[in-house]
2 protein chains.
Amino acid sequence: MARIKTDNNLTRKEVIVTKAATLFREKGFKAASMRDLAEAVGVEAASLYNHIKSKTELLHELCFSVANRFLHKIDEVELEKNSSVEKIEKLLRFHINEMIHHYEEVYVSDREWKHLSDPYLSNFQNQRRIYRKRFAAIIEIGIKNKEIKSIDAATAVLIMLHAISGIESWHRSIKKISAEELEENMISILVGGLVNR
Amino acid sequence: MARIKTDNNLTRKEVIVTKAATLFREKGFKAASMRDLAEAVGVEAASLYNHIKSKTELLHELCFSVANRFLHKIDEVELEKNSSVEKIEKLLRFHINEMIHHYEEVYVSDREWKHLSDPYLSNFQNQRRIYRKRFAAIIEIGIKNKEIKSIDAATAVLIMLHAISGIESWHRSIKKISAEELEENMISILVGGLVNR
DNA sequence: ATAACATACTAACGTGTGTTAGCGATAAAA
DNA sequence: TTTTATCGCTAACACACGTTAGTATGTTAT
């Protein structure tokens, strides 16, 4: 009888969620079927329901675990006694590293949250809105300090976050530069685009 | 008997494709059903097939019409006798305006092309790969000229293109800055991040 | 060894999907 | 006006989907 392997002291549910992330990224949430997922896990579709409540629950878990990581980070960064530019750089580096090392989850959370259903959907959208506002607030302080050039902060946030989601293409490309190079290049372009000179 | 309205000298097929773009953006290709589309058009689902061959055909048309516009533009820009930075700025402004004024199509082409099926899929991927190479080549010339700081060109392209796709958030936001402001802000940040100083 | 539990299986359900066939209605051409 | 082509309708198809019920197998604790 087939059994879900649980190496690295992961629960069976965690194994399923992880495989789901990969599948949702590859095919999209709607196009990825529970039968696909079952096959990836090495089990029959119905068996998954011994561990999870529904397909959407998988999406909840992915979206909110990612969102929480970012919220915790911005909590941390806001408390530091750094310049705005330093804070922004720290946030950007965190985003970049999340996108490099937790690619599947972050990508899914970014692109597939539309398929959440209320109340999770509104909740998630709220968290995102708030996160962006806090990010924008940091930028606005930098603008007042003349650290940062006079631009629309919301637009700047939008550029930063979406630019980083482009790491998707880096993952898919054949001949990649190293992760470190990628990080430095991105920081150079993004921070370089903000600062006053 | 219901009939598809064809104002502005559009064919009935064009009306369907346009509505499909909106629907695919809102729900995603997979989640948008032909019955949804039929309702949006004001007709029964089966009637759509008097005008189109299949659901995927709608996606083909959207993806390739967008891709062709960008390819034509880069053809044009490459021939001009401008500096690299000027060429890049021209391309970026084109991207931004496409994203502002042909939002639905461009967004769908960007996010839903995965659901194309071969041979369209490989074809589309190829066109994208080539487009990015040509964009990167312009940047590389700029780097050699010292117009542009020494960065990985492929990474720069990836940042630029994805940053622009963030205009999606601008469309969805409630209190928007004007389209002109948006364009200038984006150019300022993106070009500012590239140039040597 | 036995009881209790966790996990996987088979079978099937209701629903929604893209699409086709065939027939009436309408508009365009003769 | 008659003919012809265009367009929309109803009905139905085969299929894939998420999920449930009930049962068998394997694992852990007593």
Side-chain angles (χ1 to χ4, degrees), chain A residues 1-7 9-24 26-63 108 112 114-118 120-121, chain B residues 1-7 9-24 26-63 108 112 114-118 120-121:
Chain A
M1 212 173 203
R3 206 130 201 282
I4 298 179
K5 277 197 205 170
T6 88
D7 311 329
N9 41 341
L10 289 177
T11 68
R12 289 183 166 75
K13 181 169 179 175
E14 286 167 337
V15 172
I16 294 173
V17 173
T18 304
K19 294 273 185 190
T22 307
L23 220 64
F24 292 171
E26 287 172 352
K27 301 192 156 200
F29 176 75
K30 270 283 177 183
S33 78
M34 293 305 276
R35 286 167 178 87
D36 290 336
L37 177 56
E39 195 184 350
V41 169
V43 99
E44 292 298 318
S47 309
L48 297 172
Y49 289 84
N50 286 315
H51 306 281
I52 60 162
K53 283 199 290 292
S54 66
K55 188 187 181 186
T56 353
E57 191 206 1
L58 293 168
L59 193 57
H60 303 163
E61 304 239 343
L62 289 168
C63 289
V108 168
E112 306 294 335
K114 279 188 192 176
H115 299 104
L116 290 170
S117 38
D118 272 323
Y120 298 97
L121 178 59
Chain B
M1 210 172 205
R3 205 129 201 284
I4 299 178
K5 278 197 203 169
T6 88
D7 312 328
N9 42 339
L10 289 177
T11 68
R12 287 182 167 74
K13 181 169 179 175
E14 285 166 338
V15 172
I16 294 173
V17 173
T18 304
K19 294 271 187 192
T22 306
L23 220 64
F24 292 171
E26 286 172 353
K27 302 193 157 200
F29 176 75
K30 270 283 176 183
S33 79
M34 293 305 278
R35 285 166 179 87
D36 289 337
L37 178 55
E39 195 183 350
V41 169
V43 100
E44 292 299 317
S47 308
L48 298 172
Y49 288 84
N50 286 316
H51 306 281
I52 60 162
K53 285 200 290 292
S54 67
K55 188 186 182 187
T56 352
E57 192 206 0
L58 293 168
L59 193 58
H60 302 163
E61 304 238 344
L62 288 167
C63 289
V108 168
E112 306 294 335
K114 278 187 191 176
H115 300 102
L116 290 170
S117 36
D118 272 322
Y120 298 96
L121 179 59

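Note on naming: letters A, B, ... go to the chains in the order of the sequence lines (proteins, then strands), and numbering restarts at 1 for each one. The figures that follow rest on heavy atoms only: side chains count, while hydrogens, waters and symmetry mates do not.
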Between CG of A:Leu48 and P of D:dA21 the distance, given in whole Å, is 17 Å
With A:Glu61 as partner, the option from A:Lys13, A:Lys55, A:Lys53 fulfilling salt bridge (charged side-chain N to carboxylate O under 4.0 Å, His left out) is A:Lys13
Readout for nucleotides 10-22 of chain C: B = base within 4.0 Å of protein heavy atom, S = sugar-phosphate only, - = neither; 5' to 3' it is BBB----BBBB--
Hey, is the side chain of B:His51 poking within less than 4.0 Å of OP1 or OP2 on D:dT6, counting only N and O atoms?
no
Separation of D:dA16 atom C1' from A:Leu37 atom CG, nearest Å, is 16 Å
Exercise for the section: Could you check if a side-chain atom of A:Leu121 sits within less than 4.5 angstrom of a side-chain atom of A:Asp118, using non-hydrogen atoms only? Expected result: yes
Are more than 12 heavy atoms, taken from residues, nucleotides or ligands other than A:Lys19, located less than 6.0 Å from that residue's NZ atom? no
Separation of D:dT19 atom C1' from A:Leu58 atom CG, nearest Å, is 13 Å
In short, side-chain hydrogen bond (donor to acceptor under 3.5 Å, both in side chains) pairs touching residues 27-46 of chain B with sequence neighbours left out are B:Lys27-B:Asp36, B:Ser33-B:Asp36
Under 4.0 Å from OP1 or OP2 of D:dC7: is there any side-chain N or O of B:Arg12 that close?
yes
Report task. Flag the pair B:Phe24 / B:Leu58 as yes when at least one side-chain heavy-atom distance between them is below 4.5 Å, and no otherwise. Result -> yes
Check your understanding: Would you say the side chain of A:Phe29 lies within less than 4.5 Å of the side chain of A:Lys114, judging by non-hydrogen atoms?
Key -> no
